[in-house]
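Starting from 1, each residue takes its place in the sequence as its number. Excluded from the calculations below are hydrogen atoms, water molecules and symmetry mates; all remaining heavy atoms, backbone and side chain alike, are included.
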Amino acid sequence: MKERPINIGYSTCPNDTFIFCQLARQPDVATHLHDVETLNRWAFEEKLDVTKLSFHAWLLVRDKYELLPCGAALGRGCGPLVIGKQGAQGVGAQQGAHLRKCAVPGEYTTAHLLLRLWNPAIEQRVFMPFDQIMDAVAAGEVDAGVIIHEGRFVYRERGFECLQDLGEWWESTTGQPIPLGCIAAKKSLGADRIAEIARRLKESIQAAFDDPASTEQYVRRHAQELSGEVTMKHIKTYVNDFTLDLGEEGRAAIEVLQRMAKDAGIID
């Protein structure tokens, strides 16, 4: 009997389509492309065999999904940014009490977790799709917004300023690279199947590193509104050596995030 396809979910962001390009072309793979918060929520229902997740979400479903050693968005200088209108009061690590209402790109995103760790006093957190946050800040619907993905490359030209770089805060506080997103597989697949999937994903990532041009058409198909320059910046920011292998340093950073989230009462 023919084995059923592997159902794999990831986002349309250039870093994801870049690393999954080769794997997505394989005949036994069925791909499901959605925004990361949809994938986060689906993980609670175990909808997909393999899925991209925010590390925040993975910490909440780690009993059901095993972290793969490759495919992660983890590094330095790539964290979410808290932005406001130009001329807004700087917040810094000890300030920010005046930020009563902040737009956040999803309840289970790592951006939300980092915001809560940085400033737990912000009680009014308004969840919305990441691409609506700058408009909400501009309209005065919120005091500030947490931007992710390509937002970090365009917020200045949109007339905003950075009130707090959450990645910079994380790195200065912990000394660790920042864990943002990961790839995880359902534990019910079994150890052998999970190991095979991890191997094939790593091969897909290596192929993208070796021949970036082979991914261009696939990446651009799913990032039609982004310029080529922004797309390349996106990939270079979120795809690195940790994507090939978390290694000891990457795993140590995840352990610190888990401990801080637990100490803050955000996860069990």
Side-chain angles (χ1 to χ4, degrees), residues 9-17 32-45 47 51-61 73 78-86 88-89 91 96-167 169-170 178-182 222-226 230 234 237-238 261 264 266-267:
Y10 49 94
S11 80
T12 59
C13 291
N15 59 307
D16 282 352
T17 51
H32 307 266
L33 276 67
H34 298 277
D35 65 279
V36 71
E37 184 66 355
T38 295
L39 298 173
N40 288 339
R41 291 181 178 277
W42 279 9
F44 290 99
E45 304 171 38
K47 279 193 173 185
T51 185
K52 169 70 175 280
L53 292 174
S54 301
F55 269 108
H56 182 186
W58 177 73
L59 288 172
L60 294 168
V61 297
C78 59
L81 307 178
V82 182
I83 60 141
K85 293 180 181 179
Q86 284 187 353
Q89 180 185 344
V91 290
H98 70 288
L99 294 181
R100 293 181 298 274
K101 196 173 185 181
C102 188
V104 184
E107 184 175 1
Y108 300 108
T109 59
T110 308
H112 182 213
L113 173 55
L114 291 168
L115 181 73
R116 293 181 67 183
L117 292 174
W118 167 66
N119 189 350
I122 302 174
E123 295 182 354
Q124 293 186 58
R125 300 183 299 273
V126 183
F127 304 115
M128 61 182 67
F130 75 92
D131 56 356
Q132 296 178 16
I133 287 178
M134 283 189 273
D135 288 340
V137 176
E141 296 170 7
V142 290
D143 299 320
V146 184
I147 57 171
I148 56 175
H149 303 325
E150 62 272 7
R152 68 181 296 115
F153 308 119
V154 300
Y155 74 91
R156 287 190 183 91
E157 65 188 56
R158 288 280 307 272
F160 302 104
E161 64 179 72
C162 180
L163 305 178
Q164 178 66 53
D165 183 326
L166 293 175
W169 168 82
W170 166 267
I178 186 168
L180 297 172
C182 63
H222 297 289
Q224 294 176 355
E225 295 181 11
L226 300 183
V230 170
H234 190 118
T237 299
Y238 299 108
I266 298 171
I267 66 168

message: Just verifying a value: how many Å separate L99 CG and Q124 CD, rounded to the nearest 0.5 Å?
response: 11.5 Å
- line: For I133 and M128 the tightest heavy-atom approach is CG1-CG, 3.6 Å
Minimum heavy-atom distance between V230 and E150, given as atom pair plus value: CG1-CB, 3.8 Å
message: Test: salt bridge (charged side-chain N to carboxylate O under 4.0 Å, His left out). Region: residues 113-126. Which pairs qualify, not counting sequence neighbours?
response: none
- request: Output the distance between atom CG (L166) and atom SG (C78), rounded to the nearest 0.5 Å.
  value: 12.0 Å
field: CG-NZ distance between D143 and K101, expressed to the nearest 0.5 angstrom
entry: 8.5 Å
Heavy-atom pair with the smallest gap, counting every atom of S11 and D16: OG-OD2, 2.7 Å
task: Decide yes or no for P80 and I178: does some side-chain heavy atom of the first lie under 4.5 Å from some side-chain heavy atom of the second?
output: yes
query: What's the shortest heavy-atom distance between N15 and A73, and which atoms?
result: ND2-CB, 4.3 Å
task: Report the distance from atom CG of N119 to atom CG of L163, rounding to the nearest 0.5 Å.
output: 11.5 Å
query: Heavy-atom distance under 4.5 Å between the side chains of H112 and F127, does that happen here?
result: yes
task: For Y10 and T51, run side chain to side chain contact (heavy atoms under 4.5 Å, CB included): C-alpha distance rounded to whole Å, both residues' side-chain angles, the deciding distance at 0.1 Å, then the answer.
output: CA-CA 6 Å; Y10 49 94; T51 185; over 6 Å; no
query: Hey, is the main chain of L53 close enough, under 3.5 Å, to the side chain of N40 for a donor-acceptor pair?
result: no
field: Residues R158 and D135 bridged, charged N to O under 4.0 Å
entry: yes
message: Counting C-beta onward and ignoring hydrogens, is there a side-chain heavy-atom pair between C102 and V146 closer than 4.5 Å?
response: yes
statement: Interatomic distance, CG@L81 vs CZ@R152, rounded to 0.5 Å, equals 4.5 Å
task: For F153 and T237, run side chain to side chain contact (heavy atoms under 4.5 Å, CB included): C-alpha distance rounded to whole Å, both residues' side-chain angles, the deciding distance at 0.1 Å, then the answer.
output: CA-CA 10 Å; F153 308 119; T237 299; 3.3 Å; yes
task: Would you check if F130 and T109 make a side-chain contact, meaning some heavy-atom pair closer than 4.5 Å?
output: no
task: Assign the ring pair F44 / Y108 to parallel, tilted or perpendicular, where the plane angle (0 to 90°) is split at 30° and 60°.
output: tilted
query: Hey, does the side chain of E37 reach the backbone of P129 with a donor-acceptor pair shorter than 3.5 angstrom?
result: no
Nearest heavy atoms of I147 and M134, plus distance in Å: CG2-CG, 4.1 Å
message: Is the shortest side-chain heavy-atom distance between I266 and L117 below 4.5 Å?
response: yes
field: Shortest non-hydrogen separation from C182 to W58 and the atoms involved
entry: SG-CB, 3.8 Å
query: Nearest 0.5 Å, what's the CG-CD1 distance between D165 and I83?
result: 12.5 Å
